[in-house]
Amino acid sequence: MEKSKLSEEKGAPVISISGLHKSFGELEVLKGVDFNLFKGENVAVLGKSGSGKSVLIKIIASLLKPDQGEVVVLGKHPDKLLGQELNALRLRIGFSFQSSALYDSMNVYENLSFPLTMNTKHLTRKEIDNSVAEALDAVGLGDKTAQLPADLSGGQRKRIGIARTLILKPEIMLYDEPTSGLDPVTSAEINQLINEVQQRYNTSSIIITHDLTCAKSTANRVAMLLDGKFTKSGKFEEVFKSDDAQIRGFFNYNFIQ
Amino acid sequence: MNSKTKTYVISKNIDQHLVGISNAYQFTARFFKEVFKPPFHFREIVHQSFEIGLKSLALITVTGFIIGIVFTKQSRPSLEDFGATSWLPSLIGIAIVRALGPLVTALICAGKVGSSIGAELSSMKVTEQIEAMEVSAINPFKYLVVTRVIATTLTIPVLSLYCICVGLFGSYINVHAEEATGIISFFKNAFTAISFLDLFSSLAKSIVFGFTIGVVGCYKGFNATQGTRGVGKAANQAVVLAMFLVFLEEIIIVQVSNWIRYF
């Protein structure tokens with residue numbers, strides 16, 4: 001009922017997942033996940049560590065293959081694509097890693113220009129410089145081009161990681177624990193950046209987190225992933241006021257923390 | 001541990017080894033599948049070749065020179081017993097070109113380059129840098145593995161040739177000091193004893209060793225697990241396995257070249 005109402009309001013979903021199952025050996029992580037992400041929407045996926053949140057977005061980005069179920073991203077099935085077709089889809093998806101995953105051996109400029117030069121032919125040096133400058137400007141770190149990742153703070157690394165995905169102008173952003181390991185002030189800056197990215201680049205985003213502040217300040221909608229299934233989805237306040245014992249347990253635990 | 005548990009542990013270990021061999025075979029097959037497909041990252045190949053060459057050059061210079069001197073010193077007493085010290089250049093030439101040059105270079109590179117590749121790729125794996133390439137539509141196998149394996153396959157034969165030259169020069173220094181042999185005479189005698197087959201098998205060996213060191217380093221790095229602990233493990237395993245395979249290949253190539261020689 002709720003799903004069909006959203007569909008009417010926001011059109012066809014950019015990501016549509018139904019009956020998704022994923023196991024690692026005998027451990028079943030996702031047990032029949034159904035999920036939609038609509039255009040221009042920021043959805044925070046909340047859940048305990050090990051509940052399969054990161055696995056979910058890795059399946060969307062085709063870093064992992066599902067065991068069962070259907071995944072449709074921007075009208076394509078990433079698990080069925082190969083080679084150029086898969087690359088074309090991946091260029092439309094930005095993935096911000098929990099560890100930032102910046103290339104250690106490259107400075108900030110090279111980290112940003114690398115995906116650009118590898119994926120676009122015949123770009124002039126000036127065009128690459130402009131794209132790098134624009135992406136760095138979007139994350140507020142225009143003066144860090146010559147620095148190596150090791151010389152940056154945790155928050156700066158996260159920002160550069162986001163800038164590296166923005167340089168390819170993605171339509172969908174997948175954030176894996178964007179505020180983990182950061183102090184509250186830096187976390188707030190990252191939350192603000194996620195909102196700015198959505199407005200500036202008109203992206204649709206999935207934010208994987210167990211940080212309630214992050215979920216509340218960035219998401220239009222929150223989805224609770226517990227025991228391998230989405231148990232509740234809606235506005236933050238709606239989910240927060242849920243009577244479900246597991247959801248209450250998750251929120252109470254986070255507040256105590 | 002009862003006998004049933006022991007059997008289970010042994011069979012599990014055998015299974016793991018067989019799976020490992022199968023994975024390594026698939027990894028190598030993937031290299032051959034990808035190597036002829038564009039894009040060709042020439043700049044990265046040149047960069048890696050330069051890194052490998054530069055990293056190993058000083059050590060190979062010192063080791064090659066010392067081996068030349070020591071091998072000459074050790075061989076002299078045996079030849080002196082027969083009054084045949086004039087055969088020293090030929091003996092040293094054959095030994096260094098056929099065996100010592102390629103083998104010593106390969107062992108040094110297995111330690112220095114193999115471990116470095118294993119550690120670098122495994123570190124990239126555990127910090128999600130390889131996945132970051134994948135999501136940016138960059139083929140990490142092509143960019144990281146193919147370039148490094150080509151670089152080791154091309155660079156190690158060149159380093160091997162350099163090691164042979166330095167080793168012969170070291171030997172010449174010792175022969176010149178002891179027997180006052182001239183440089184032209186020394187190298188003329190040394191090269192007279194070396195056949196085309198010797199040079200060819202030496203080059204073939206170096207190419208095989210280079211390929212092995214590259215593939216093993218990349219395979220161990222690319223398949224690293226267990227977080228930061230896996231980085232050390234991958235680097236260590238890359239060295240041990242590469243050295244073992246180098247010795248194994250040495251035996252096989254020597255045997256094959258001997259068959260060709262006597263056929």
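Here the structure is a predicted model, which means the values were calculated and not measured. Letters A, B, ... are given to chains in the order of the sequence lines, protein chains preceding strands, and every chain is numbered from 1.
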A:Glu110 and A:Tyr103 side chains, donor-acceptor separation under 3.5 Å = no

Segment of A:Leu86 engaging chain B (4.5 angstrom heavy-atom cut-off) |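 For A:Leu86, neither part sits under 4.5 Å from chain B.
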
Region of A:Asn119 in contact with chain B, defined by heavy-atom distances below 4.5 Å = side chain

Salt bridge between B:Glu250 and B:Arg98, side-chain N to carboxylate O under 4.0 Å?
->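 Salt bridge: no.
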
Can a salt bridge be assigned to the pair A:Lys22 and A:Glu28 using a cut-off of 4.0 Å between side-chain N and carboxylate O?
->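 No.
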
What option among A:Arg164, A:Gln98, A:Arg90 has the most heavy-atom pairs under 4.5 Å with chain B?
-> A:Arg90

Using a cut-off of under 4.5 Å on heavy-atom pairs, state which of A:Ile167, A:Asp104, A:Ile93 scores highest against chain B.
->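 Highest number of heavy-atom pairs under 4.5 Å: A:Asp104.
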
For the ring pair B:Phe27 and B:Phe141, is the centre-to-centre distance below 6.0 Å?
->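 Centroid separation for B:Phe27 and B:Phe141: below 6.0 Å.
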
